[in-house]
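These notes are about the structure you will find just below.
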Amino acid sequence: PNGLDALLVNGDITNHFRASNNEKYITEASDVLINNLPENTVIFYSLGTSHDADGFNSTTNKSGKKQREAFNKFLNDRFTIADIETEDERVNKGYKHAVIKDYHFLTLDNENSSYSANAIKWLKDTLKEITTAEPNKPVFVMTHIPADTTLDGVLKMYPQVIYFSAHEHIPFNTPMAINQNKYTSL
């Protein structure tokens with residue numbers, strides 16, 4: 001088969017999340033991608049706290065559940081077709097697991113500038129399960145903001161990890177964009 005198997009969108013799907021216009025912006029972003037990709041291309045995404053999730057820092061919405069509910073409602077089904085989790089799990093937890101062409105893709109939404117204890121535990125458990133079953137196969141992990149000390153501590157236990165972050169907007173074609181120490185980081 002020809003074409004693009006998957007498109008990874010690592011946050012900043014929209015410029016700003018606002019309750020008054022989120023349907024418009026999310027639907028527009030979804031339509032642009034859907035209309036410009038081959039029909040069989042899977043789209044896997046994480047939310048970016050700087051644009052997609054304005055309000056993650058507020059006292060009433062620390063977990064970002066409101067944003068995940070909106071994105072889950074207004075994005076086309078192709079954004080979740082490969083997800084293993086149910087809609088309820090994606091919305092309430094803020095982390096996802098998909099299998100695309102027999103490769104595992106994991107993503108975590110951050111809360112403020114770090115990751116919840118539940119998200120870190122889920123990542124540890126999921127990486128252990130995947131790498132025990134397939135120790136020589138890469139596992140792709142995405143977060144919008146770069147790994148903090150806690151997340152880095154988990155990732156460095158798995159040399160199979162290829163980790164993507166996006167918040168810093170560094171192009172992949174520069175030497176400073178890749179780090180291959182304990183795991184591969186882009």
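In what follows, every heavy atom counts, from backbone to side chain, and hydrogens, waters and symmetry copies are set aside.
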Only one of K137, E134, E129 passes side-chain hydrogen bond (donor to acceptor under 3.5 Å, both in side chains) with H104; say which it is.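 Of all the options given, the one that passes is E134.
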
Quick one, D152 with Y183, criterion side chain to side chain donor-acceptor pair (under 3.5 Å). Give me CA distance, side-chain angles, the key distance, then yes/no. CA-CA 9 Å; D152 184 66; Y183 58 95; 2.6 Å; yes

In sequence, state the C-alpha distance, the side-chain angles, and the governing distance for I162 and V139, and then conclude on side chain to side chain contact (heavy atoms under 4.5 Å, CB included). CA-CA 6 Å; I162 300 174; V139 179; over 6 Å; no

Full working for side chain to side chain donor-acceptor pair (under 3.5 Å) between Y163 and T143: CA-CA 8 Å; Y163 171 71; T143 64; 2.4 Å; yes

Could you measure the distance from the [atom1] atom of [X] to the [atom2] atom of [Y]? Nearest 0.5 Å is fine.
X    : Y    : atom1 : atom2 : value
T126 : K96  : OG1   : NZ    : 14.0 Å
D148 : I120 : CG    : CD1   : 6.5 Å
F164 : L186 : CZ    : CG    : 5.0 Å
L155 : Q160 : CG    : CD    : 11.5 Å
T107 : Y95  : OG1   : OH    : 12.5 Å
T41  : L4   : OG1   : CG    : 4.5 Å

Are [X] and [Y] packed together at the side-chain level, in the sense that at least one heavy-atom pair is separated by less than 4.5 angstrom?
X    : Y    : result
L7   : L37  : yes
L106 : W122 : yes
L151 : L123 : yes

Quick check against the 3.5 Å criterion: does T131 have a side-chain atom that pairs as donor or acceptor with the backbone of L127?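 Looks like yes, one N/O pair under 3.5 Å.
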
Contact summary for K124 and Y158, nearest pair of heavy atoms: O-OH, 3.8 Å

H97 and I130: side chain to side chain contact (heavy atoms under 4.5 Å, CB included), yes or no, with the steps? CA-CA 11 Å; H97 179 186; I130 292 167; 3.8 Å; yes

